[in-house]
Amino acid sequence: MLTPVAATASNASAIKEPTPAPTASSSVIDDGFDGLAVETVKYGSHHRQSMDVWWTTDGQDRPGIFLIHGGWWSSGDKKYMTEITRSYAELGYTVFNLNYRLSSQAAWPAQRTDALAAIAAARKHAARWSFDPRNYVLVGFSAGGHIAAAVGTYGNGVNGLKGVVGLSPIISPLRAYADGDKSPDPNKRRLRTAAIKLAGGCAPKGKCSRIWASMEVAWHASPKDAPMLTLHSKNEFVPPVQSQLLQKMLGQVGVPVSVVTVPGINHSSPLYREPGVAERVQAWIAERIG
């Protein structure tokens, strides 16, 4: 079981997990408001390998939502997802708000490995958080959408994963690399640079081609992958065509992908705050996991 750790403790108990191997220790940071409890949990030894867990303390097992923040794979933090995390916890879900190693700390596939490790830890200790490990979705924003979608096409289905939602997800780093070459859009140029950094600092050629291939979500489509919902603004720097490629590839193996495009240029969290978008995401999630 997980071992609670006081704020002054200098050591945490390491708990062996199946591959990918998280360690798990925890400390309660808040509880008792609106029937919710909140706990910060380490699922690995790196300081970024942690997540906030929000759950309802009535003992009833509930579907889960894993939230993955964005930030060019090189920045961002789960603290910026607190408001969204709370909103889903108040809807009755058990919510896992993830941090993961950034590209400055570890190259791909470390970010996908971290998400899988967090899921493994959550499923192993599901009873602690009144979580149904057979029934959960991932929701990722921008670079976090890439990580979520990459988990969704990892292997031939992930146990218990019923759906993936991406807000402005970067489905194809290769497309971003090409789009950012000599683009007048500074965000597209920045995304190209960020994708190179994620790959360990190399362009998609030679020995690095294998890393870039691993980063391509659509190339790993399998029949038992989770259904997906992706949302983009029509004129944002991560264009809807990224998700349309995924829709085509997953569609060929019978996995449904819905691609929603809204007017404007808003990206990631600002897109989520557009009128009707959050409600659409919530309705899609409810259809998948109740």
Handout entry: Any residue meeting side chain to side chain contact (heavy atoms under 4.5 Å, CB included) with Thr85, in chain and number order, not counting sequence neighbours
Key = Trp54, Leu67, Met81, Val95, Asn97
Problem - Polar contact flag, side-chain donor to acceptor under 3.5 angstrom, Asp77-Asn99 - result: yes
Practice task
Tell me yes or no: between the side chains of Glu236 and Ser168, is some donor less than 3.5 Å from an acceptor?
Solution key: yes
Donor-acceptor pairs under 3.5 Å, side chain of residues 169-179 to any protein atom, not counting sequence neighbours: which ones?
residue: Ser172; atom: OG; partner: Arg175; partner atom: N; Å: 2.9
residue: Ser172; atom: OG; partner: Glu216; partner atom: OE1; Å: 2.8
residue: Ser172; atom: OG; partner: Glu216; partner atom: OE2; Å: 3.3
residue: Arg175; atom: NE; partner: Asp179; partner atom: OD1; Å: 3.2
residue: Arg175; atom: NE; partner: Asp179; partner atom: OD2; Å: 3.3
residue: Tyr177; atom: OH; partner: Arg192; partner atom: NH2; Å: 3.4

Exercise for the section: Answer yes or no: does atom CD of Glu83 have more than 12 heavy-atom neighbours from other residues, nucleotides or ligands under 6.0 Å? Expected result: no
Handout entry: Partner residues of Gln105 under the side chain to side chain contact (heavy atoms under 4.5 Å, CB included) criterion, sequence neighbours left out
Key = His46, His47, Arg48, Arg101, Leu102
Completion exercise
Residue pairs passing the side-chain hydrogen bond (donor to acceptor under 3.5 Å, both in side chains) test with at least one member in residues 132-143, sequence neighbours excluded, are Asp132-Arg134, Ser142-His267
Practice task
Under the ring-ring contact (aromatic ring centres under 6.0 Å, His included) rule, collect the residues that match up with His69, sequence neighbours excluded.
Solution key: Tyr100
Problem - Enclosure of Ile265 CD1 (heavy-atom neighbours >12, cutoff 6.0 Å) - result: no
Problem - Between Thr40 and Asp52: side-chain donor-acceptor atoms closer than 3.5 Å - result: yes
Exercise for the section: Give a yes/no verdict on a cation-pi contact between Arg280 and Trp284, requiring under 6.0 Å between NZ or CZ and the six-membered ring centre and an angle within 45° of the axis. Expected result: no
Problem - Beyond-backbone contact of Val165 with Ile285, side-chain heavy atoms, under 4.5 angstrom - result: yes
List, one per line, each side-chain donor-acceptor pair under 3.5 Å for residues 246-260, sequence neighbours excluded.
residue: Gln247; atom: NE2; partner: Val257; partner atom: O; Å: 2.9

